[in-house]
Amino acid sequence: MKLYDRLSGDRLDRLPPVIHPGRYVLRQSARFNRHSQLDEGAVLSSDGTERCELDQETARFSEPDPALDDDTDFLTRVLDNIANLDDKVLPSPLLPTAVIDEDTHLNDLERALGDVLKAGHLHMISKRPRIDLRYEETVTEVSRARRLTNKTYTHLASHSECWQRQTLQGIQPKRVLARLSEDEYAIYENIVYARLVDKLERYLTGRVRRLDSLCEQLEKALAFSSSTDLNHRLFDEICVLWGSTYKAGSAERLKATREARETVAKHLKSLRSLQQTGLYLQVARDRQAGPVLHRSNILMHDQHYRHLGILWDALRQTVQSDRLSPAQRLHITQKRETDYSHYVGLVLRHALQRYGLGSDGETVWAGHVVRLHRDQFNWHLLVDGAVKLGLVPWAYPDALPAGVMVPERFWLCWPGTELNDTLDQALIGQALRLSPMDLYVVERMGYLVDRVLTSMLLEDYAVPLKPLPKMVAEGAGNVQGIMVQASQLQLIGPLSSADTVNMQTLFDQHTRPELAQTFRRQAQHLQALRRCPVCNGVSTITAQDNGGFSGQCQRAGCGAKRYWRRAKEGQWIYRLLFGDAPDFRVYGRRSMEFSIPHR
């Protein structure tokens, strides 16, 4: 079976023993698990089972943490909602209002359950259930026998071991065959009751967890809005994203979400109390009822039991996943990969707004044409047609497998469902966590984009241009921002417009085209470096020893400082600072430190 590994870029000719859902793409059409035909280029996702069968080859899917199932389902809904937003105006990549509003309000099942619990129908069933009598014939002590059977005398005559003693008058029995009657609780209607309580308890447990997550998200937004130590530009940009998603105040939504959570938690507490007493304890856990109820007379007409059918049907309508076929589950997981790829592209577009990216996905920056390109699921940031940054979106619903590697210049993007928000750093190794539940999601992407494009500007800073003709050397001798030594020239600072034109003319007339083009590129890069990466104001560029520089923004209220210095032989460090050290939580993409090889 021919596969393509989206992460490593390798081509495989057979199935690996363990398959991580969404990691591989088919390079040929195949029949999947005997229910779906997958075309070439289709992503290999799970259908909810562990088995992975493609034509004649068989492997197994890795099993994600079951505790993350609810979070994964919620992420799937969020990504689907964002993918369906109107893209005429760039939508916000944060958690959409529609999803919060949908989960904040009680649904039909929860309202019906509240009415049934308030009326006490489930409690009455628990305390006074319908029961049946079960009769069985068994040999027991005479003192316990209450009713004899028509076989008692025959059995006693043929089983002398049951005699106490034999007298002239007859036999005095020690044990006899008797008919015992017991209360039978496990009738069909009571099985329905017990399993309904179980299903409702599982559903409400997940519902409380989702509402807790929403409350946490809204609380983080409110805490963020009241923070006093954040950089005002970071604060403003995140508030713009948040405000474009939430037209009304977050405080009202948080209050409504908490009220819904309290109501659902109250229902859950009642159900768990029913599991600890009464009828529930009399019905064995292995006694099950089918998905479709048999409408018995008791379930149809009893004043308490008839509510079981109403709740059973409402639960089936609410929990759709229980009714999905494997083919439908496969379609959902495949769509989640497509939606997550769309989401990563949306975040990338937001991060590139600073560089003037247009609706066509293209802009001109520092003399280069910067363009976005989507290659199936992956995203490429092209500079003059060359890939400078590649993003590999993977909607993996668990912690990343150990040893995952991506090609050079590529970064793995995943939702990080299993992680809490980590604001001490933007990147995690060669991976980038991108989730709609993270307020800093655009800042993380912007950090990576800024790092890649800034590295382009730094790579040729003060790189000598040689050999230098005499006419060019004489013309550059008194130009500010140029240092001439022997037969080489170094650009160490931005040139004025007039000096740029004059020097470019000299290079075009007296040097080979490659050297003239290099001068043009370095001059444009220095003009881009002159712009403050924080406020786009004018910054100083002061050359330092060994080919480095320092700079400081001249705009009042900014004052961002930059340093480009040699750390060791062949390794250079770039720092963008407001204080003594970078702080991603406070400054976001406006403060960073990274090292790159240079010269």
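Note that the structure is a prediction, hence the values are computed from the model and not measured.
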Evaluate ring pair (Phe, Tyr, Trp, His ring centres under 6.0 Å) for Phe235 paired with Phe224, printing each intermediate quantity in order. CA-CA 8 Å; Phe235 183 86; Phe224 179 87; 5.5 Å; yes
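- Taking the side chain as every heavy atom from C-beta outward, Leu311 and Tyr193 never approach each other to under 4.5 Å.
- The heavy-atom pair separating Arg253 from Ile100 by the smallest distance is CD-CG2, 4.1 Å.
- Other residues, nucleotides and ligands place more than 12 heavy atoms under 6.0 Å from the CD atom of Glu161.
- Rounding to the nearest 0.5 Å gives a distance of 9.0 Å between CZ of Arg329 and OG of Ser46.
- No side-chain donor-acceptor contact under 3.5 Å links Arg60 to the backbone of Val18.
- Under the 4.5 Å side-chain criterion, counting only non-hydrogen atoms from C-beta, Leu330 is in contact with Leu38.
- Formation of a donor-acceptor pair under 3.5 Å by the Gln164 side chain with backbone atoms of Gln172 is not found in this model.
- The shortest distance between side-chain heavy atoms of Leu271 and Leu113 falls below 4.5 Å.
- Lys335 places none of its side-chain heavy atoms less than 4.5 Å from the side chain of Leu79.
- With a 4.5 Å cut-off on side-chain heavy atoms, Glu237 and Glu443 count as touching.
- In this model, no donor atom of one side chain and acceptor atom of the other lie less than 3.5 Å apart for Tyr24 and Asp10.
- What you find for Val441 and Pro93 is that their closest heavy atoms are CG1-CG, 4.2 Å.
- Of the charged side-chain nitrogens involved, at least one lies within less than 4.0 Å of a carboxylate oxygen, so that Arg111 and Asp108 count as a salt-bridged pair.
- In this structure, CD on Glu102 lies 10.5 Å from CG on Leu214, to the nearest 0.5 angstrom.
- Between Asp198 and Arg195 there is a salt bridge, since a side-chain N of the basic residue sits under 4.0 Å from a carboxylate O of the acidic one.
- Trp379 places no side-chain N or O within donor-acceptor distance of the main-chain N or O of His342, the cut-off being under 3.5 Å.
- With hydrogens and angles disregarded, a donor-acceptor distance shorter than 3.5 Å links the side chain of Ser158 to the backbone of Thr154.
- With hydrogens and angles ignored, the 3.5 Å screen pairs a side-chain donor or acceptor of Gln334 with a backbone N or O of Val43.
- Arg14 and Glu57 are not joined by a salt bridge, as no carboxylate oxygen comes within less than 4.0 angstrom of a charged side-chain nitrogen.
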Kindly indicate, with the supporting measurements, whether the criterion salt bridge (Lys or Arg N to Asp or Glu O under 4.0 Å) is fulfilled by Asp13 and Arg27. CA-CA 9 Å; Asp13 293 326; Arg27 293 164 48 212; 3.7 Å; yes
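- In this structure, His159 contributes its side chain and His155 its backbone to a donor-acceptor pair below 3.5 Å.
- Closest approach of Asp70 to Gly206, counting heavy atoms only: OD2-CA, 3.2 Å.
- A pairwise comparison of heavy atoms in Leu26 and Asp39 identifies CB-O, 4.1 Å as the closest pair.
- Not one N or O on the side chain of Glu189 forms a donor-acceptor pair closer than 3.5 Å with the backbone of Ile298.
- To the nearest 0.5 angstrom, Leu391 atom CG is 12.0 Å from Asp375 atom CG.
- Between the Asn190 side chain and the Arg130 main chain, a donor and an acceptor come within less than 3.5 Å of each other.
- In this structure a side-chain-to-backbone donor-acceptor pair under 3.5 Å is present from Gln288 to Arg285.
- The two residues Tyr280 and Ala194 make their nearest non-hydrogen contact at CE1-O, 3.6 Å.
- A salt bridge links Asp313 with Arg295: at least one charged nitrogen is closer than 4.0 Å to a carboxylate oxygen.
- With rounding to the nearest 0.5 Å, the separation of NZ in Lys255 from OG1 in Thr104 is 13.5 Å.
- Note on Arg209 versus Asp71: no salt bridge recorded, every NZ/NE/NH1/NH2 to OD/OE distance being 4.0 Å or above.
- Side-chain polar atoms of Ser270 and Ser273 form no donor-acceptor pair below 3.5 angstrom.
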Please assess Trp414 against Leu434 for the test side chain to side chain contact (heavy atoms under 4.5 Å, CB included), listing each intermediate value before the final yes or no. CA-CA 6 Å; Trp414 99 112; Leu434 298 179; over 6 Å; no
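- Glu337 is listed as a side-chain neighbour of Trp394, based on a closest heavy-atom distance under 4.5 Å.
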Worked verdict on Tyr185 versus Arg287 for side chain to side chain contact (heavy atoms under 4.5 Å, CB included): CA-CA 11 Å; Tyr185 287 92; Arg287 301 298 297 271; over 6 Å; no
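- Counted within 6.0 Å of CZ on Arg128, heavy atoms from surrounding residues, nucleotides or ligands total 12 or fewer; the atom is thus considered open.
- At a threshold of 4.5 Å between non-hydrogen side-chain atoms, the residues Pro436 and Leu75 count as touching.
- Salt bridge annotation for Asp339-Arg77: absent, with no cationic side-chain nitrogen under 4.0 angstrom from a carboxylate oxygen.
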Leu90/Leu346 under side chain to side chain contact (heavy atoms under 4.5 Å, CB included): CA gap, chis, key distance, verdict: CA-CA 8 Å; Leu90 196 62; Leu346 173 63; 3.6 Å; yes
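- For Arg444 and Ser435, the side-chain atoms include no donor-acceptor pair closer than 3.5 Å.
- Leu3 CG to Gln28 CD: the interatomic distance, rounded to the nearest 0.5 Å, is 8.0 Å.
- Within the structure, ring-ring contact (aromatic ring centres under 6.0 Å, His included) pairs that include any residue of residues 34-78 comprise Phe32-His35 (at least two apart or interchain).
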Please report the C-alpha distance between Cys413 and Tyr343 in whole Å, then the side-chain angles of each, then the deciding distance to 0.1 Å, and finally whether the side chain to side chain contact (heavy atoms under 4.5 Å, CB included) criterion is met. CA-CA 10 Å; Cys413 302; Tyr343 177 75; over 6 Å; no
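- Side-chain atoms of Ser341 never come within 3.5 Å of backbone atoms of Pro393 as a donor-acceptor pair (strictly under, hydrogens ignored).
- The nearest pair of heavy atoms linking His294 to Leu299 is O-CD1, 3.4 Å.
- Checked against side chain to side chain donor-acceptor pair (under 3.5 Å), Ser62 has the following partners two or more places apart in sequence or in another chain: Tyr396.
- Considering CG of Leu196 and CG of Leu200, their distance stands at 4.5 Å, rounded to 0.5 Å.
- A side chain to side chain contact (heavy atoms under 4.5 Å, CB included) with Arg6 is found for exactly one of Leu412, Val25, Val406, Leu44, namely Val25.
- Put simply, the side chain of His350 reaches to within 4.5 Å of the side chain of Leu241, judged on heavy atoms.
- Remark: the Thr205 side chain and the Glu201 side chain contain an N/O donor-acceptor pair separated by less than 3.5 Å.
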